[in-house]
Amino acid sequence: MNAFIKNHKFMLLALLLMWLKTIVVSGLTFNINYSGFMQTAIFIFNPFVFLAVVFSIGLLFTTKVQKRYYIIVSAILTGVLYANSVYFREFSDIITLPMLVMSANMGDLSTSIIQLIYWYDIFFFADLVVLGALVWKTPESLTLARVYFPHSKKVFGMSAVVVLMIISVFQPGNTSSETRTHSFNRDHLVQSMGLYNFYLYDAYVHTQTSTQTVFADREDWADIEAHLEEHQLPGNPEYFGAAEDMNVIVVSLESVESFVIGETIDGEEITPFLNELIEDSLYFENFYYQTGQGKTSDAEFMINNSLYPLGRGAVFHTNADNEYDALPEILADNGYYTASFHANDETFYNRNIMYENLGYERYFSLDDYEVDEENSVGWGMKDIDFVEQTMEHIETVPKPFYATLLTLTNHFPYELDKEDHFISEYDSESEILNRYFPTVRYTDEAMKLLVEQLKEDGLYENTMIVMYGDHYGIAESHYDALGEFLEKDMTLKDVVELNRVPLIIHIPGMEGKTYETVSGQIDVKPTLLNLLGIPVEDQLMFGRDLLAEDRDNFAVLRNGTVVTDEYIYVSDNCLDAESGTSVPLEKCIPLMHRGERDLYYSDKIIYGDLFRFR
């Protein structure tokens with residue numbers, strides 16, 4: 001060992017610098033739970049094993065090539081570490097391999113990415129500067145020596161064994177409840193195997209999921225249908241056909257969370273119109289977003305299919321060619337004209353392909369709108385201008401219609417011209433939170449215009465309006481400031497409940513009512529079908545009518561968190577849903593199992609393209 005250290009000090013220095021940086025950055029950036037000595041030791045040791053294997057490969061090269069190899073490897077791994085750190089700051093998630101498929105969208109994300117880069121990020125690369133200088137002029141004390149494979153078969157044999165052990169230990173070789181549940185939670189995976197080993201695991205999963213379509217067959221439905229029958233409920237007969245033959249407008253409220261509903265800043269309501277609309281609508285105050293890495297597109301997918309999004313990547317990208325039994329297609333078969341309105345490039349999130357597959361007859365995209373510098377900001381067209389131009393299109397489409405509208409203004413990083421502010425910015429240490437409220441207020445004003453235009457065009461009385469929040473707006477990195485706004489110290493229960501987004505179903509003439517039932521985006525499709533008077537006996541859906549009699553309170557989030565009216569299961573913790581205090585984990589085990597089966601079977605349908613067998 002002493003001889004090895006003496007001959008390979010340059011390699012050991014490069015390895016040590018990368019190892020220390022990985023531990024420090026991972027510990028400070030990701031949600032690592034140091035719950036004991038063993039978990040801490042594993043967290044520290046895992047990256048060392050991976051780095052030792054990767055850096056030892058350089059020993060096979062000449063000393064001149066070795067130096068270049070070590071700095072190239074260090075630069076690549078630093079890039080992986082930095083990219084995940086920046087992404088985690090706002091999205092509290094790890095970049096997976098399927099997300100690389102979405103890299104074509106990065107041009108549209110430039111404004112968001114710039115907001116996530118801080119001046120002190122230069123320290124991420126400090127070791128590379130040092131290593132680069134040492135490559136340029138290497139002191140004699142930093143020794144390098146080539147190792148010849150024939151003379152070191154045992155060393156490299158052991159390295160191969162280590163690599164195989166890493167892959168075999170961390171691959172999900174069984175389908176136990178615990179394994180499947182933890183596989184939905186990337187925080188747990190990074191903590192247990194390290195960031196770099198996670199990508200070995202992710203590559204394995206990617207290979208496995210990519211081949212499921214080939215090996216799937218009709219018999220795969222048996223267990224899925226049995227699981228769904230166990231929890232399905234018939235729609236509420238009292239509401240069946242309450243909106244029969246009505247037009248349907250479904251609006252995705254970009255990044256609007258429930259905590260803004262009914263709240264004020266300096267005495268001014270943040271969502272005055274939505275507050276008013278809720279009084280005359282069916283409103284679900286414990287409605288959770290269940291999106292994954294596909295964000296808005298995932299919400300669209302759930303609303304239209306009552307299937308969960310995938311845990312890795314976006315269904316719109318990975319499985320756009322699948323067969324689905326989607327809401328637009330069902331409504332088209334029942335005499336509806338189906339169209340989607342989104343003032344963005346039609347290829348963004350593969351919508352031009354996915355929409356056609358879901359059964360939309362027309363996609364009104366960027367080319368159908370007049371967009372200029374005055375009516376756009378941040379991610380694109382301002383919501384008020386979007387509504388105005390969309391209504392011009394809606395006036396021309398056949399009736400009845402099913403129209404989905406995607407708003408844009410209230411999108412991170414929440415930029416809006418001062419002249420478009422209807423409310424003052426908040427005053428806190430978080431610029432993101434401060435800017436969030438004016439953009440929410442602007443979207444609220446756009447929704448007011450939408451309803452007013454429907455009334456002016458004579459469409460209001462025969463149109464069911466559905467508005468839902470697509471995903472979170474304020475990331476956990478801003479929860480200290482959000483806690484000040486909400487006047488509370490953020491507990492684990494509060495963090496889970498901040499996954500709630502508004503769901504408003506407005507049917508003209510129907511008396512408004514607020515529901516406390518715990519639910520999620522997966523439940524919208526069966527609810528709308530029942531309200532429209534369309535039988536659902538032949539529909540395969542993971543959601544249940546929100547208005548169903550004897551409906552239990554249940555929602556599972558994409559990361560495996562489960563919420564009911566009694567308990568909350570989150571990150572291996574079981575909480576009392578009312579008080580937020582910890583209770584024995586055994587009370588949450590049945591909920592955890594039900595949630596993981598929901599996610600597992602939904603994934604199986606998508607990865608296997610099982611609707612082709614129905």
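In this chain, residues are counted from 1 in sequence order. Nothing here was measured: the structure is a model prediction, and the numbers come from that model.
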Apply salt bridge (charged side-chain N to carboxylate O under 4.0 Å, His left out) to D202 and list each qualifying residue two or more places apart in sequence or on a separate chain. R312

Contacts of T390 meeting side-chain hydrogen bond (donor to acceptor under 3.5 Å, both in side chains) (sequence neighbours excluded), chain-then-number -> Y369

On a heavy-atom basis, the closest approach of P309 and G292 is CG-N, 3.9 Å

Quick one: pull up CZ in R597 and CG in L228 and give me the separation to the nearest 0.5 Å. 11.0 Å

pair S297-R351: side-chain heavy atoms closer than 4.5 Å: yes

With no hydrogens and no angle check, do the side chains of H471 and D298 hold a donor and an acceptor under 3.5 Å apart? no

Which heavy atom of I505 sits nearest to which heavy atom of S281, and what is that distance? O-CB, 3.4 Å

Donor + acceptor pair across side chains of T296, E254 (<3.5 Å): yes

Value rounded to 0.5 Å, distance of CD in E229 from CG in L540: 9.5 Å

Between R441 and D420 (salt bridge meaning N to carboxylate O under 4.0 Å), is one present in this structure? no

Criterion side-chain contact (heavy atoms from CB on, under 4.5 Å) against N304, the qualifying member of Y324, Y355, Y402: Y402

Below 6.0 angstrom between ring centroids: does that apply to W221 and Y601? no

Y460 vs H506, side-chain hydrogen bond (donor to acceptor under 3.5 Å, both in side chains): CA-CA, chis, key distance, verdict: CA-CA 10 Å; Y460 171 77; H506 181 75; 2.7 Å; yes

Looking at residues at least two apart in the chain, or sitting in another chain, which of them share a salt bridge (charged side-chain N to carboxylate O under 4.0 Å, His left out) with D417? K382

With no hydrogens and no angle check, is any side-chain donor or acceptor of E456 less than 3.5 Å from a backbone partner on V451? no

Start with the C-alpha distance between V524 and F287, add both sets of side-chain angles, then the distance that settles side chain to side chain contact (heavy atoms under 4.5 Å, CB included), and finish with yes or no. CA-CA 10 Å; V524 173; F287 179 78; 3.8 Å; yes

To the closest 0.5 Å, what do you measure between CG (D598) and CD (Q290)? 9.0 Å

Side chain of N275, backbone of I278: donor and acceptor closer than 3.5 Å? no

Has R500 got its NZ or CZ under 6.0 Å from the middle of the six-membered ring of Y289, at an angle within 45 degrees of the ring axis? no

Without swapping roles, check the side chain of D372 against the backbone of E374 for a donor-acceptor pair under 3.5 Å. yes

Given 3.5 Å as the limit, does a donor-acceptor pair link the side chain of E257 with the main chain of G473, or not? yes

Any luck finding a side-chain donor-acceptor pair between Y600 and H227 under 3.5 Å? no

State, to 0.1 Å, how close I474 and F259 come at their nearest heavy-atom pair, and which atoms those are. CG1-CZ, 4.1 Å

Taking the ring of F401 and the ring of Y337, is the distance between their centroids below 6.0 Å? no

How about E452: does its CD atom have over 12 heavy atoms from other parts shown lying under 6.0 Å from it? yes

With sequence neighbours left out, the residues meeting side-chain hydrogen bond (donor to acceptor under 3.5 Å, both in side chains) with N410 are T439

Does a donor on one side chain and an acceptor on the other come within less than 3.5 Å for T271 and D444? no

Between Q521 and I303 the two heavy atoms that sit nearest each other are O-CD1, 3.9 Å

Give a yes or no answer on whether the side chain of T338 reaches the backbone of G359 with a donor-acceptor pair at less than 3.5 Å. yes

Can you confirm whether the side chains of Y607 and N319 place a donor and an acceptor under 3.5 Å from each other? no

In Å, rounded to the nearest 0.5 Å, how long is the span from CG of L454 to CD1 of I465? 5.0 Å

Who are the ring-ring contact (aromatic ring centres under 6.0 Å, His included) partners of Y442, not counting sequence neighbours? none

Is a donor on one side and an acceptor on the other found under 3.5 Å between the side chain of Q293 and the backbone of G313? yes

Rounded to the nearest 0.5 angstrom, the NE2-CD1 distance for H317 and I353 is 9.5 Å

Quick check on K604: does its NZ atom have over 12 non-hydrogen neighbours (other residues, nucleotides or ligands) under 6.0 Å away? yes

Any side-chain to backbone donor/acceptor pair from S602 onto Y308? Under 3.5 Å, distance only. yes

Does a sphere of radius 6.0 Å around CG in D333 hold more than 12 heavy atoms from other residues, nucleotides or ligands, not counting ones at 6.0 Å or beyond? yes

Closest heavy-atom pair and its distance - Y436, S255: OH-O, 2.6 Å

Salt bridge (charged side-chain N to carboxylate O under 4.0 Å, His left out) contacts in which one or both residues fall within residues 605-614, not counting sequence neighbours: E225-R614, D609-R612

Would you say the side-chain atoms of D367 and S365 include a donor-acceptor pair closer than 3.5 Å? no

For the pair E323 (side chain) and L610 (backbone), establish whether a donor and an acceptor sit closer than 3.5 Å, ignoring hydrogens and angles. no

Does N462 reach the main-chain N or O of L459 with its side chain, forming a donor-acceptor pair under 3.5 Å? no

For a quick test of reading the model, state the closest non-hydrogen atom pair linking V251 to I249 and the distance between them. CG2-CG2, 3.8 Å

Rounded to the nearest 0.5 Å, how far does CG of N84 lie from OG1 of T29? 9.5 Å

Tell me whether R362 forms a cation-pi arrangement with F364, defined as NZ or CZ under 6.0 Å from the six-membered ring centre and within 45 degrees of its axis. yes

Looking at T291 and A299, would you say the former's side chain and the latter's main chain have a donor-acceptor pair under 3.5 Å? no

So do the side chains of F542 and I605 get within less than 4.5 Å of each other, counting heavy atoms only? yes

Is the number of heavy atoms from other residues, nucleotides or ligands within 6.0 Å of CD (E373) greater than 12? no

Please check if any side-chain donor atom of T443 sits under 3.5 Å from a side-chain acceptor atom of T407, or the reverse. no

With salt bridge (charged side-chain N to carboxylate O under 4.0 Å, His left out) as the test, would you mind laying out the steps for D603 and R558 before giving the verdict? CA-CA 11 Å; D603 286 355; R558 184 58 255 195; 2.9 Å; yes

Could you check N530 against Y239 for side-chain hydrogen bond (donor to acceptor under 3.5 Å, both in side chains), going step by step and ending with a plain yes or no? CA-CA 7 Å; N530 192 64; Y239 287 92; over 6 Å; no

Y349 and F316: aromatic ring centres closer than 6.0 Å? no

